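Reading through the structure tokens given below for one structure.
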Amino acid sequence: MHFGDFLPMSYASVVDVLAGKVAVDETVTVRGWVRTRRDSKAGISFINVHDGSCFDAIQAVVPAELPNYESEVLKLTTGCSVAITGVVVESQGKGQSFELQATGVKVYGWVEDPDTYPMAPKRHSMEYLREYAHLRPRTNVTGAVMRVRNTLSQAIHRFFHEHGYLWVSTPIITTSDCEGAGEMFRVSTLDLMNVPKTEQGNVDFSQDFFGKEAFLTVSGQLNVESYACSLSKVYTFGPTFRAENSNTSRHLSEFWMVEPEVAFADLDDVAHLAEDMLKYVFKAVLEERPDDMAFFEQRINKDVVERLTRMVDSDFVHMDYTDAIEILKNCGKQFEYPVEWGVDLQSEHERYLAEEHVGAPVILKNYPRDIKAFYMRQNEDGKTVAAMDVLAPGIGEIIGGSAREERLDVLDQRIAEMDLPAEEYEFYRDLRRYGTVPHAGFGLGFERLVSYVTGMQNIRDVIPFPRAPKSAQF
RNA sequence: UCCCCAGUAGCUCAGUUGGUUAGAGCGGUGGACUGUUAAUCCAUGUGUCGUUGGUUCGAAUCCAACCUGGGGAGCCA
């Protein structure tokens, strides 16, 4: 609560009033949007107002004696924006601790046509809400998602800060087309209708803004490695762009990724880092957002609170790829794609491991080198690399990480084997040439984390304005 | 990108072996009742049946293409 500098009244957030932070009998003004209005012939109206500060709306009891009761209060509909001044009282009715005995209602904005206001006080499908991404944060579900998303985001920063990690903002624009994680969006200021050409007939990128081809980043990892190899413990947390034509409930073209990178660390170190971080943020959500989580438990997924609670104080299952293959081969389940050592795991395999065999997130480690990226550190067996995935029930991979190959000769050998353009990796090779150290890191898909925590099934509903193939509204 | 499904009122859906007048619930609106709170009860309106083309005497219904959405797969976080 704060006192306005110029106005004689004090303002309060809904959360503060409902939590009892405003003394009973004190007069405050709450500002927000009307969720419902109910009129009683006893000469009062009940108006529920939400302002996003918590899941619940506050109930204002508006007496018919107010001068604008007939002219305005009785015309309020869902979505109208109001300031309601009133005395904080303990509620006479059930359903709320405190309420406002209104002494004044000011209307900021009306809803033009209540019949067509898209956010009607009723159940809407998530597909429908997505078409109104600018208004859906007024709904219970999107409001709850965004508060949990914020808590997760803050908790991630807090976790790393408390553990001595530095947040490094790696660039969003990159001129390296070899980040190795999929199709990239081009960044260019060239006139598409009149593209300059070289004598050979190719696009003359020397005339482009950066003097060469540029793209949006698909991963901050390669860049952040150079900061790990100097500041020791670092992480990125920022937007990432993939121009893949992925049409699924767990892919976005623009998403946020958290990528810690740790010098002098090996695969097990970052596997445990991932586990500690997830437990930390799960705990933060349970402690900070019980109201929103209760809603998800009731309306979205009944397991959502229980599974987080259980995981906060139990150890994650760590499993070698090789052991996972044996489990899959011997589980007696018929898979569409047969399992053999050396194959990449299909969704059905990952689902079985996370959802049926373990029943919780599982950390898979040490994959065959032939199915993994060039920068992953080769193990002594010559067959596997020190890579890991964290697989979550219902979502699949939420984290992918590895120890990085710090030995220049081994790295060069891999670049050659995979036929990658060696000249593009000079800065990366320099890190191995000058004071190289073992290091490791992982990437966490932030929206996948939000999906898992909230139980929301489609990743497009846990980011404010989703971008996906053929879909970039607002 | 591939496979499957869907597109009918503001929303969620029912409907059609091709045939006159297209249905329900919710929401909205009006009223009754009520310290109410997913309120309840009564009344009430609404539709280029996704787009384009085809078959047909006649298409919301059958066919084709396309668009959009959903589920699954691949790519991955």
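None of these values were measured; they are calculated from a predicted model. Below, chains carry the letters A, B, ... as their sequence lines are ordered, and counting in each starts from 1. Worth knowing before you read on, the calculation uses all heavy atoms, side chains too, and leaves out hydrogens, waters and symmetry mates.
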Exercise. Could you tell me the separation between the NZ atom of A:Lys122 and the P atom of B:A9, rounded to a whole number of Å?
Key: 12 Å
Exercise. Could you check whether the rings of A:Phe335 and A:Tyr352 sit parallel, tilted or perpendicular, using 30° and 60° as the cut-offs?
Key: perpendicular
Exercise. Kindly assign one of parallel, tilted or perpendicular to the pair A:Tyr280 and A:His163, based on the angle between their ring planes and the thresholds 30° and 60°.
Key: perpendicular
Quiz item: When the distance from CD of A:Glu348 to P of B:G72 is rounded to whole Å, what number comes out?
Solution: 14 Å
Quiz item: With sugar-phosphate meaning primed atoms plus P, OP1 and OP2, does A:Tyr128 contact a base, only sugar-phosphate, or nothing at under 4.0 Å between heavy atoms?
Solution: sugar-phosphate
Quiz item: Taking atom P in both B:U17 and B:A73, what distance in whole Å separates the two?
Solution: 36 Å
Exercise. Describe the nucleic acid contact of A:Thr248 in one word from base, sugar-phosphate, nothing, applying a heavy-atom distance below 4.0 Å.
Key: base
Quiz item: So what is the 5' to 3' dot-bracket string for RNA chain B, if pairs are Watson-Crick or G-U wobble with both distances under 3.5 Å, crossing pairs use [ ] and | means the partner sits on another strand?
Solution: (((((((..((((.....[...)))).(((((.......))))).....(((((..]....))))))))))))....
Practice problem: Could you tell me whether A:Arg307 sits above the aromatic face of A:Tyr452, with NZ or CZ closer than 6.0 angstrom to the six-membered ring centre and within 45 degrees of the axis? | Solution: yes
Quiz item: Can you find a side chain N or O atom of A:Ser40 that sits less than 4.0 Å from OP1 or OP2 on B:G35?
Solution: yes
Quiz item: In whole angstroms, how far is the P atom of B:U68 from the CZ atom of A:Arg460?
Solution: 11 Å
Self-check item: Minimum-distance nucleotide (side-chain atoms of A:Ile459 versus B:G35, B:A77, B:C75)
Solution: B:A77
Quiz prompt | Inter-nucleotide P distance (B:C49, B:A22), Å rounded | solution = 12 Å
Exercise. Rounded to whole angstrom, note down the P distance from B:C2 over to B:G50.
Key: 24 Å
Quiz prompt | Donor-acceptor pair present, A:Glu127 side chain and B:U12 base, under 3.5 Å | solution = no
Quiz prompt | Any N/O donor-acceptor pair, A:Asn247 side-chain to B:U1 base, under 3.5 Å | solution = yes
Quiz item: If you find the nucleotide of RNA chain B closest to A:Ile399 and the one closest to A:Gln101, which residue's nucleotide is nearer the 5' end?
Solution: A:Gln101
Quiz item: Roughly how far apart, to the nearest Å, are B:U48 and B:U8 at atom P?
Solution: 10 Å
Quiz prompt | Heavy-atom closest pair, residues A:Phe316 and A:Glu275 | solution = N-OE2, 3.0 Å
Exercise. Round to a whole Å and report the spacing from CZ of A:Phe55 to C1' of B:A38.
Key: 12 Å
Exercise. Consider the side chain of A:Arg130, meaning its heavy atoms from C-beta on, and name the nucleotide among B:A77, B:A73, B:G69 that approaches it most closely.
Key: B:G69
Exercise. Kindly determine whether A:Gln221 and A:Tyr375 satisfy side-chain hydrogen bond (donor to acceptor under 3.5 Å, both in side chains), including the steps that lead there.
Key: CA-CA 10 Å; A:Gln221 182 203 317; A:Tyr375 53 75; 3.2 Å; yes
Self-check item: Side-chain (A:Ser451) to main-chain (A:Glu447) donor-acceptor, under 3.5 angstrom
Solution: yes
Exercise. Look at the side chain of A:Val61 and decide which nucleotide, out of B:G35, B:C11, B:A73, has an atom nearest to it.
Key: B:G35
Quiz item: Given B:G28, B:A39, B:C11, which nucleotide is nearest the side-chain atoms of A:His124?
Solution: B:C11
Practice problem: Could you check how far CE of A:Met119 sits from C1' of B:C26, rounded to whole Å? | Solution: 15 Å
Quiz item: When rounded to the nearest Å, what value does the distance between P atoms of B:A6 and B:A43 take?
Solution: 36 Å
Practice problem: Quick one: label A:Gly93 by what it contacts on the DNA or RNA (base, sugar-phosphate, nothing), any heavy atom closer than 4.0 Å. | Solution: base
Practice problem: For B:C63 and B:G69, measure between their P atoms and round to the nearest Å. | Solution: 24 Å
Quiz item: In whole Å, what is the span from the CD1 atom of A:Ile371 to the P atom of B:C76?
Solution: 10 Å
Quiz item: Does A:Ser246 get its side chain close enough to the base of B:C76, under 3.5 Å, for a donor-acceptor pair?
Solution: no
Quiz item: Expressed in whole Å, how much space separates the P atoms belonging to B:A59 and B:C13?
Solution: 28 Å
Quiz item: Can you find a side chain N or O atom of A:Ser347 that sits less than 4.0 Å from OP1 or OP2 on B:G74?
Solution: yes
Practice problem: Run the numbers on A:Ser45 and A:Tyr69 for side-chain hydrogen bond (donor to acceptor under 3.5 Å, both in side chains), then give the verdict. | Solution: CA-CA 9 Å; A:Ser45 287; A:Tyr69 185 78; 2.7 Å; yes
Quiz item: When we call it a touch if two heavy atoms are under 4.0 Å apart, what does A:Gln298 touch: a base, just sugar-phosphate, or nothing?
Solution: nothing
Practice problem: Select base, sugar-phosphate, or nothing to describe what A:Asn48 touches, counting heavy atoms under 4.0 Å on all strands. | Solution: nothing
Quiz item: Checking all strands, does A:Pro121 fall into the base, sugar-phosphate, or nothing category for heavy-atom contacts under 4.0 angstrom?
Solution: sugar-phosphate
Practice problem: Taking only the side-chain heavy atoms of A:Gln59 (C-beta and beyond), determine which of B:G10, B:G74, B:G35 contains the nearest atom. | Solution: B:G35
Quiz item: A:Tyr117 OH to B:G27 C1': how many Å, rounded?
Solution: 13 Å
Exercise. On the 0 to 90° scale, with breaks at 30° and 60°, tag the A:Phe241-A:Phe185 ring pair as parallel, tilted or perpendicular.
Key: perpendicular
Quiz item: Using 4.0 Å as the upper bound for N to carboxylate O, is an ion pair formed by A:Asp51 and A:Arg31?
Solution: no
Quiz item: Between A:Arg123 and B:C13, does any side-chain N or O lie under 4.0 Å from OP1 or OP2?
Solution: no
Quiz item: Looking only at side-chain N and O atoms, does A:Ser125 come under 4.0 Å of OP1 or OP2 in B:U12?
Solution: yes
Exercise. Name the nucleic acid region contacted by A:Ile395, choosing base, sugar-phosphate or nothing; use a 4.0 angstrom heavy-atom cut-off, strictly under.
Key: nothing
Quiz item: Using centres under 5.5 Å plus planes under 30 degrees as the test, is A:Phe255 stacked with B:A77?
Solution: yes
Exercise. Rounded off to whole Å, could you give me the CZ-to-P distance for the A:Phe335 and B:A73 pair?
Key: 13 Å
Quiz item: So does A:Asn458 get a side-chain nitrogen or oxygen closer than 4.0 Å to the phosphate oxygens (OP1/OP2) of B:G71?
Solution: yes
Quiz item: Between A:Asp323, A:Asp320, A:Thr384, A:Thr322, which is the residue that forms a side chain to side chain donor-acceptor pair (under 3.5 Å) with A:Asn366?
Solution: A:Asp320
Quiz item: Does B:G72 have OP1 or OP2 sitting under 4.0 Å from an N or O in the side chain of A:Ser249?
Solution: yes
Exercise. Just call it for A:Gln92: base, sugar-phosphate, or nothing, with non-hydrogen atoms closer than 4.0 Å on any strand.
Key: base
Quiz item: Is there a side-chain contact between A:Leu444 and A:Ile156 (heavy atoms, below 4.5 Å)?
Solution: yes
Self-check item: Separation of the C1' atoms in B:A24 and B:U34, to the nearest angstrom
Solution: 28 Å
Exercise. For A:Gln96, report the nucleic acid contact type (base, sugar-phosphate, nothing); a contact means any heavy atom under 4.0 Å.
Key: base
